[in-house]
There are 2 protein chains.
Amino acid sequence: MTEDTAAPRRKRTDARRNVEALLDAAKTVFGTSGVDAPAKEITDLAGVGVGTLYRHFPQRSDLIKAVIEREIDACAEAAPALAAEHAPGEALARWLDRLAAFVATKRGFAAALHSGDPAYDGLSGFFMAKLGPALESLLDSAVTAGEIRAGVSPQDLLYAVAKLCAPLPDEEPGYGRRMTALLVEGLRSAGR
Amino acid sequence: MTEDTAAPRRKRTDARRNVEALLDAAKTVFGTSGVDAPAKEITDLAGVGVGTLYRHFPQRSDLIKAVIEREIDACAEAAPALAAEHAPGEALARWLDRLAAFVATKRGFAAALHSGDPAYDGLSGFFMAKLGPALESLLDSAVTAGEIRAGVSPQDLLYAVAKLCAPLPDEEPGYGRRMTALLVEGLRSAGR
DNA sequence: GAACCATACGGAAAGCTTTTCCGGATAAGC
DNA sequence: GCTTATCCGGAAAAGCTTTCCGTATGGTTC
């Protein structure tokens, strides 16, 4: 039903450029001032008017979603490279570490996920859809190589890491990683 | 340094009544419309003007914090009763279940905790301060009774349950509890 | 390379929410 | 009952997101 053959027109270049500029600016601002930073700050950094922001991202949450989805994509895309460069078990460990770092660093991600705002309902689905296959492939390889016990669901592991590594105000550093390790330990023993 | 002896005057009764009404109304509204519900909705339900709300809770987040802290208190206070009525291991299990239910049910709690807003910085500290001792006592009893292995830090366990049970949009029901069980499993095996 | 027009831009204004302010009310103490 | 510190209520201020629309501009066509 999608008519990709009859593409009527290409999107204007300035429009595409502005979208990129907005995403870049938003990523920066979210990093420095948090996801609650006023939209003005983002448009100023991007050198663009507010109207332009809302043309491309009708709601504020759309921009946040887009920034996060971009980073999830980057995380998923890191898997093949790791699989090619390292032994299966090592590749899995490194990827999980990258995931943990992403979740721990991007405070806005945890905030959006737990906000309860319906606008972000699709986010955890996207997270799962993109990262699930990536993790599954790494997991399968590790299991096949006998470096990891079978019986671990990629879905469960993904959520668990995402949740455990979400940063809390005054928690000791390294908590997320420690707990993740403990969880994997549990999964191994639970695997019988 | 606190001069509780020289209490100059008692807080007016209507003031205290309004604070209670506001907390009750807020709890209800947060439950039905979420923590992002407009303040107006709360003051209307409490039968009070906005000015009154802001007199007692200078910032919106103060009200949210107060509601959450109230529930944390209730959770902590449930521990002694459970300890009195059940065997140590059972009491621990039931209390953890209550904690899990609290975290899973009160979406606003997870949202506040992960929001990144400095206004909620003290919240995880309060959570730990109130619930840590409660859990520690239950844990100690269970360990002493030989029903639970030693080597589990109350702090780690508390945070882990809080994080794992925080609800995500489309996650399967029971995930939090399943993961918590897995984690305890891991802690047991890690206890050597 | 000029003219046309669909598409995109910018920023002013509207719409909501939170937060402040202050004249008027009312418990508490005498 | 009178006094006074404290509190109440809601109107106004402030701040943010979102809408709107006249203007500008990239793409296409001749």
Side-chain angles (χ1 to χ4, degrees), chain A residues 3 6-26 29-30 32-67 108 111-112 115-120, chain B residues 3 5-26 29-30 32-68 108 111-112 115-120:
Chain A
E3 44 186 358
R9 235 169 228 253
R10 235 174 103 211
K11 194 191 254 185
R12 263 170 59 168
T13 19
D14 55 345
R16 248 178 310 155
R17 182 159 31 82
N18 281 331
V19 169
E20 287 303 308
L22 280 168
L23 286 172
D24 287 347
V29 170
F30 290 163
T32 57
S33 310
V35 280
D36 291 330
K40 185 86 180 4
E41 200 176 328
I42 294 165
T43 56
D44 283 354
L45 180 58
V48 149
V50 248
T52 302
L53 168 59
Y54 280 88
R55 158 168 299 272
H56 296 296
F57 304 98
Q59 302 199 72
R60 186 196 167 63
S61 57
D62 293 328
L63 176 62
I64 298 176
K65 256 165 51 180
V67 170
S115 69
D117 186 331
Y120 298 108
Chain B
E3 43 186 0
T5 56
R9 232 171 230 252
R10 239 175 97 211
K11 192 192 255 187
R12 269 172 56 166
T13 26
D14 56 345
R16 248 180 311 153
R17 182 160 32 81
N18 281 331
V19 169
E20 287 303 309
L22 280 168
L23 286 173
D24 287 347
V29 169
F30 289 164
T32 57
S33 309
V35 281
D36 291 331
K40 185 85 180 3
E41 199 176 331
I42 294 166
T43 56
D44 283 355
L45 179 59
V48 148
V50 250
T52 303
L53 168 59
Y54 280 90
R55 158 168 297 274
H56 297 295
F57 306 97
Q59 302 200 71
R60 181 193 172 66
S61 57
D62 292 327
L63 175 62
I64 297 175
K65 255 165 51 180
V67 170
I68 292 175
S115 70
D117 186 331
Y120 298 108

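Please read these numbers as outputs of a predicted model, since none were measured by experiment. Chain letters run A, B, ... following the sequence lines, proteins first and then strands; every chain starts at 1.
- Across the interface with DNA chain D, nearest-nucleotide mapping of A:Asp36 and A:Gly51 shows A:Asp36 to be the residue nearer the 5′ end.
- One finds no side-chain N or O of B:Thr43 lying less than 4.0 angstrom from the OP1 or OP2 phosphate oxygen of D:dG9.
- Residue A:Thr52 places at least one side-chain N or O under 4.0 Å from the OP1 or OP2 atom of C:dG10.
- Across all their heavy atoms, B:Val35 and B:Gly108 have their closest contact at CG1-CA, 3.6 Å.
- For the pair A:Asp14 and B:Lys40, nearest-nucleotide mapping onto DNA chain C gives the more 5' position to A:Asp14.
- Nucleotide C:dC16 holds its C1' atom 15 Å from the CZ atom of A:Arg60, rounded to whole Å.
- Atom C1' of nucleotide C:dT18 and atom CG of B:Asp62 are separated by 13 Å, given to the nearest angstrom.
- In this entry the distance linking CZ of B:Arg55 with P of C:dT20 reads 12 Å, nearest Å.
- The minimum heavy-atom distance linking B:Arg16 with B:Lys11 is given by the pair NH2-O, 3.6 Å.
- Relative to the side chain of B:Ala15, the nucleotides C:dT18, D:dC8, D:dT18 differ in distance, and D:dC8 lies closest.
- In this structure, B:Leu22 and B:Leu63 approach most closely via the heavy-atom pair O-CD1, 4.4 Å.
- Of all the heavy atoms in A:Val67 and A:Ala26, the pair that sits closest is CG2-CB, 3.8 Å.
- Between A:Arg16 and B:Thr13, the residue anchored closer to the 5' end of DNA chain C is A:Arg16, taking for each the nucleotide with the nearest heavy atom.
- Residue B:Arg17 contributes atom CZ, which lies 14 Å from atom C1' of D:dT6 at whole-angstrom precision.
- The side chain of B:Arg12 places no N or O atom within less than 4.0 Å of a non-bridging phosphate oxygen (OP1 or OP2) of D:dC7.
- The separation between B:Lys11 atom NZ and D:dT6 atom P is 12 Å, rounded to whole Å.
- Between the CD1 atom of B:Ile64 and the P atom of C:dT17 there is a distance of 15 Å, given to the nearest Å.
- With rounding to whole Å, A:Asp117 atom CG is found 13 Å from C:dT17 atom P.
- For the pair B:Leu22 CG and D:dC8 C1', the interatomic distance rounds to 12 Å; values are reported in whole Å.
- Contact between the side-chain N/O atoms of A:His56 and the OP1/OP2 oxygens of C:dC9 is found at a separation under 4.0 Å.
- Across B:Ala21 and B:Ala46, no two heavy atoms sit closer than the pair O-CB, 3.8 Å.
- Of the side-chain N and O atoms in A:Asn18, none sit less than 4.0 angstrom from OP1 or OP2 of C:dA8.
- Phosphate proximity of D:dT19 to A:Tyr54: absent, as no side-chain N or O sits under 4.0 Å from OP1 or OP2.
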